Amino acid sequence: MIRRLSHILSDFDKLSQIYAVLVIIVIIGGILTIPSLEYQADRLYPKTIHPESPLDPYDRGGTPFEKTEVLAEYPENSPYLGYVTAYLTPFSLALATLTHHVGTTIVAHPGGIIDEILYNTRGLDTVVETSILFVAFGVASFLFLRRDEE
Amino acid sequence: MIRVFDQGIEGAGLFMIEFGDIVPYFSVYTATLFTFAIIFTLLATFSIPEKQMDIIFGGDAYYAKEIKPQDLRFQRFVAIACGTATLGAVVTGDIFNFTLFAAMIGITNIGIVASSRSHHVLNAAYQYGIVAMIACVPLFGGAAMILATTGTLSIWSLAGIGAAPILAKILLLLGVMGEGMAPFYIGKAEITRAQGAPFILMVHVSSLLLFLRVVEIILVI
Amino acid sequence: MTPEFIIGLGLILLGTVSVAWASPKDYLTRLINLEIPAFGLLLVMLSFDEMLALLTFIAVSTVSTFIFVRVIGKREGVN
Amino acid sequence: MISIYQSGLIAAFICIIIAFISLYQETDDLHRLILTDLTEIMALLLIALIATDLAEALILPGLVVMIAELMALAEIYLVKEGIQRKKNSSALDIEVMQTAPPILAGILVLYGIILSGFSGGAVAGLGIIFYSVCKGSDELFAQIETASGYAWVAWIAAFFIFLLLPGQWFFAVMIAGGAILIKVMAKFSLIGTMGGDPGV
Amino acid sequence: MIEYLLSAMILGLLLHGIHRKVIARVQGRPGPPIWQELLHTLKFLFKETWIPKTASQGLYVGVVALALAIWSAALILLLTGGSLLLLFALYLIHKIIEHGTGLSSGSQYSKFGAIRSVISAASELPLLASVALLYLFTGSLMISDIEAYQVINGPLLIPAFPAAIALYMVILSKIHYGPFSIIEAKELVSGYWTEHFGVWRGLLNAAFGLKTFVLLYTFVMVFIGPIGLPLTLLAILILMITLSFVCAVTPMLSPYDSVSIQTVTTGLIAIYIIYLGVFA
């Protein structure tokens, strides 16, 4: 028994299989607990949809160039919270008056709730994220460029 | 806000840094881990790698292997990135941020050995990389479930109230194990055969510190 | 529960099965079947009005397809 | 009655079980790599189920992690199998590929620049990939890498402006949006360069 | 504090000596005198020393300093009643020391020692399980709190018996000549520290003496409680002798068997924890 277990453990080709088994066990156990999981997502950055707004689905109220109410975890740590959200570049403001169907485009352009979260309140996440990209591409391009010298 | 340090788990709090919603904190425990991460990162930065004595299979000959300078530079770069990720992971006060750091440690761990030219080592690194990738499911899934069921990701808010579902905690632990811990150590053991001791050591330092940190998080929240 | 959400979940389930036990079991079939759960995920995101994530997911999944096609191309070139 | 979240969770869990079972059965390395792409969808689904603005802000990093790891692993796979220098088989040689690229690439890049930020970078990068996969070019590699390195530094600088001088948030948003755009676009376009002409 | 450190170090080295003596007696040999390890260490400290040319020099020296540092820190932590989790962390960092010691020299023997030390990382899992079980009982991981708990409720040894077994196994895996000491197996000369000689060896020896003392002291403190210095020392001695008996009569396991046994133990304790958490 132990010898067989040792045999499985010592073969690194089986690594992902061992891991898969562990995950499956936990998830099967987890399905039973689903009924006890209550959905509680209205505490942070809840969203309200205004279908008639040109900024739909990202209109979070407030007037452009002014402050907007944003529900963050620690508002006291981000003194300018809400400014990014309400900010629209002249270009996106013009776009908003023109048509009702490019809300996503407008908000993805600098200034919008996602920018507020990504750059301001959870900026450290984005730092890590871009660093991951940086390192991973470093690895890939190192291997790629090295192919010629062998 | 002080509940984190009042549970008799990690000792007194020292100070914290406020990055918006993400508030990294230094307690006696995390500060110790931080110190070790710094020490090993410095070792990886400043010490030259060993010259490995290599046995040629099928013969009696052995010689001291040299690492090519460009491979060395690359390994050092990734090792420092790995150290930085470890530093972040041991002090961050936010669960999703922690999972991101964990994922970064996973990818840098693969990167450190990627420059090895041995097929065996590369194969181990690849198998380990597959696990690191699929580990993203429990890792991010656990963090997402914590957010969905409690409405927050901050360890400060979660500390001591026991609101985080046990399933999410186990998933988080499983995710960190996939990014590089014990039962999957066999992948690491084969990786260890690659050259460049100070850098290879970073692989172990990062995964052990990550594991220590996730134990703390699971006990605290 | 909006129709998009239900269809999305259905597609993800269906797609997962079709990728997991693809027939014929070769790289390209799996890769093409992968588009089914991806489309299901798109519908789920759509039902939650997550437009930006949706847009990025489309772009990123296209990139990952490129990566796979490159690897598979080289792999098949061997045989 | 189960809520939307719980029904989504049940579906996600079933999918995870199926995906991991097939991962357990799989022994071919490249098949495993493709299956990791399947599991990635499960992870994103779990995040998407949160359904707030924060969910989107978390999906973006999640996506980045996946694509980055996939990229690195694919390259390791090629090195490990010793087929890195192999010429691509003709999977991509289709007639349309010869004529469509410039227009399509132009549209995507333009739209990406309007979007800016990470999404914009991904869209614009896609355009450039498409172009270079079809046309094939390799010499730009070093320059693109340098540009993306500078963009990364610019983004970090923007982050610190947010922290230390929050009054300058407008400036920081502009730097951050632009830098991420360039960075992501550059990284993605490298894939196109790599795919384009492996023989060099 | 320095006098505590020194006396703990000397006691630890004496325990090593007793360990060897008991093993020898069980196996019907006379064995070395019990102060042998102490003399060894002193002798090494005065030998000529340099750094091998193939070694990664910073790391080669750094790990020795770190080994001393973490076990000194662990002793201080114990004396001041700090967090058990932190002690666990220090113990895990000892793992890194093992890797570092083995990898830094460039020699094949020590490298294999290091690789085995990576494999045997499973020995940390029982420790984690026992820490978790203790937390379930006492609701705190501060050693001072655990002691206070035992003063009121009696020794934890009885209710938390599986945790005690787990910690016992952990100590066993760190003792020389034990069934789990695969990283110091004789086919690897002396394992991961083969290439550390002279002063380096002396310092490592001292650090490991400290380690043995700290681990045994932790066991007594956590599972038996504060019983005064003489009784504590007696308990440590008894514990050491039982360990020596186990070492003397068990063969060394093959690397992966040792991993399997440790993993299985952890699994059993985890099941016990779940059982306690759900039904009790």
Side-chain angles (χ1 to χ4, degrees), chain A residues 13 16-17 20-21 23-24 27-28 30-31 34-35 37-39 41-42 44-47 58 60 78-80 83-84 87 91 104-105 108-111 113-115 117-120 122-137 139-141 143-148 150, chain D residues 2-6 9-10 13 16-17 20-21 23-24 27 32 50-54 56-57 60-61 64-65 68-69 71-72 74-76 79 84-85 114-120 141 145 148 152 155-156 158-159 162-163 166-167 169-170 172-174 176-177 180 183-184 187 190 194 200:
Chain A
D13 258 345
S16 52
Q17 298 186 351
V21 169
V23 172
I24 291 172
I27 293 288
I28 287 179
I31 286 185
I34 285 183
L37 300 177
E38 291 294 325
Y39 183 59
D42 43 2
L44 286 181
Y45 313 102
K47 61 195 294 174
Y58 288 103
R60 300 288 177 265
S78 315
Y80 281 78
Y83 281 71
V84 180
Y87 171 76
F91 174 76
T104 309
T105 309
H109 196 59
I113 181 73
I114 304 297
D115 283 359
I117 302 171
L118 280 184
Y119 300 157
N120 193 355
R122 298 184 68 86
L124 196 58
D125 269 1
T126 318
V127 168
V128 185
E129 165 205 328
T130 49
S131 308
I132 292 174
L133 199 61
F134 190 66
V135 172
F137 277 81
V139 173
S141 64
L143 292 175
F144 175 67
L145 290 175
R146 206 179 64 175
R147 79 198 188 285
D148 291 331
E150 275 163 48
Chain D
I2 53 170
S3 64
I4 293 186
Y5 179 69
Q6 287 169 345
L9 217 51
I10 291 172
F13 280 7
I16 291 175
I17 291 174
F20 276 78
I21 286 177
L23 201 69
Y24 175 77
T27 47
R32 279 182 181 163
I50 301 168
T52 60
D53 282 330
L54 191 52
E56 277 185 78
L60 296 186
V64 175
V65 172
E69 296 194 341
M71 180 73 234
E75 204 58 34
I76 291 178
V79 176
Q84 210 182 11
R85 306 191 59 191
I114 293 174
L115 280 183
S116 82
F118 182 82
S119 313
F141 204 93
E145 259 204 313
S148 100
W152 184 71
W155 157 245
I156 301 289
F159 172 66
F162 260 122
L163 280 178
W169 59 269
F170 169 63
V173 169
M174 283 303 158
I180 282 204
K183 178 187 157 51
V184 173
K187 294 292 184 196
L190 287 184
M194 288 160 92
V200 193

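In this text the structure is predicted, and so the values were computed from the model without any measurement. Labels below follow one simple rule: chain letters A, B, ... track the order of the sequence lines, proteins then strands, and each chain is numbered from 1.
When the candidates A/Thr126, A/Val128, A/Leu124 are compared by the number of heavy-atom contacts under 4.5 Å with chain D, A/Thr126 comes out ahead. When D/Ile10, D/Thr27, D/Leu23 are compared by the number of non-hydrogen pairs under 4.5 Å with chain A, D/Ile10 comes out ahead. No other option in A/Ile117, A/Leu37, A/Val135, A/Val127 has as many heavy-atom pairs under 4.5 Å with chain D as A/Val127.
A/Glu129 and D/Pro61 make their closest contact through OE1-CG, 3.4 Å (heavy atoms, listed as atom of the first residue, atom of the second, distance). Pairing each heavy atom of A/Tyr39 with each of D/Ala51, the nearest pair is OH-CB, 3.8 Å. Of all heavy-atom pairs between A/Gly123 and D/Trp155, the closest is O-CZ2, 4.1 Å. Of all heavy-atom pairs spanning D/Ala72 and A/Ala140, the tightest one is CA-CB, 4.3 Å.
Between D/Met71 and A/Leu133 there is no side-chain heavy-atom pair separated by less than 4.5 Å.
The side chain to side chain contact (heavy atoms under 4.5 Å, CB included) test applied to D/Phe13 returns A/Ile27, A/Ile31, A/Ile34, B/Met145, B/Leu167, D/Leu9, D/Ile16, D/Leu46, not counting sequence neighbours. For D/Val65, the side chain to side chain contact (heavy atoms under 4.5 Å, CB included) test picks out A/Ile132, B/Leu100, B/Ala103, B/Cys136, B/Phe140, D/Glu69, with sequence neighbours left out.
With a threshold of 4.5 angstrom between heavy atoms, A/Val139 approaches chain D through side-chain atoms but not through N, CA, C or O. Of the two parts of D/Ile180, only the side chain, counted from C-beta on, holds a non-hydrogen atom closer than 4.5 Å to a non-hydrogen atom of chain A.
In this structure, D/Ile156 CD1 and A/Thr130 OG1 are separated by 5.0 Å, a value rounded to the nearest 0.5 Å.
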